[in-house]
Amino acid sequence: MDQKFSFEIVEELAVLSENAKGWRKELNLVCWNGNPPKFDIREWSPDHDKMGKGLTFTNEEMDALKQFLTT
């Protein structure tokens with residue numbers, strides 16, 4: 001079963017780190033499968049063609065994380 005999915009990086013917000021092969025851990029706003037954009041943290045290949053596992057956050061979840069990190 002080969003399921004296709006789509007994504008669009010709407011806005012590149014921050015590069016958190018980069019490894020020796022050029023893959024970068026980034027914070028971006030990403031639309032997955034045509035849905036509204038979510039905050040996304042994951043590793044990306046230099047051309048954004050390949051990606052690693054990551055985490056996505058709604059606006060509310062990102063607000064809660066931001067509040068936690070700043071207290």
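Numbering starts at 1 and runs along the sequence shown.
Taking a 4.5 Å side-chain heavy-atom cut-off between Ile, Leu, Val, Met, Phe, Trp and Tyr, the cluster of Trp23 contains only that residue.
Inter-residue side-chain proximity for Leu29 and Phe39 is flagged as met; some heavy-atom pair is nearer than 4.5 Å. Side-chain contact between Met62 and Leu27: present, with at least one pair of heavy atoms (C-beta onward) separated by less than 4.5 Å.
Taking hydrophobic clusters as Ile, Leu, Val, Met, Phe, Trp and Tyr residues chained together by side-chain heavy-atom distances below 4.5 Å, Val30 does not share a cluster with Phe57. Following chains of ILVMFWY side-chain contacts shorter than 4.5 Å, one can reach Phe68 starting from Leu16, so the two form part of one hydrophobic cluster. Ile9 and Val15 are not part of a single hydrophobic cluster, where members link through side-chain heavy atoms under 4.5 Å apart.
Qualifying side-chain contact (heavy atoms from CB on, under 4.5 Å) partners for Ala20, counting only residues two or more places apart in sequence or in other chains: none. Every side chain to side chain donor-acceptor pair (under 3.5 Å) that Glu26 has, sequence neighbours left out, goes to Arg24, Asn28, His48. Partners of Phe7 under the ring pair (Phe, Tyr, Trp, His ring centres under 6.0 Å) rule, at least two apart in sequence or in another chain, are Trp32, Trp44.
Residue pairs meeting the salt bridge (charged side-chain N to carboxylate O under 4.0 Å, His left out) criterion with at least one partner in residues 32-45, sequence neighbours excluded, are Asp40-Arg42. Within the structure, salt bridge (charged side-chain N to carboxylate O under 4.0 Å, His left out) pairs that include any residue of residues 45-66 do not occur (at least two apart or interchain).
Between Gly22 and Pro46 the shortest heavy-atom distance is O-CG, 3.6 Å. Residues Pro36 and Cys31 come closest through the heavy atom pair C-SG, 4.3 Å.
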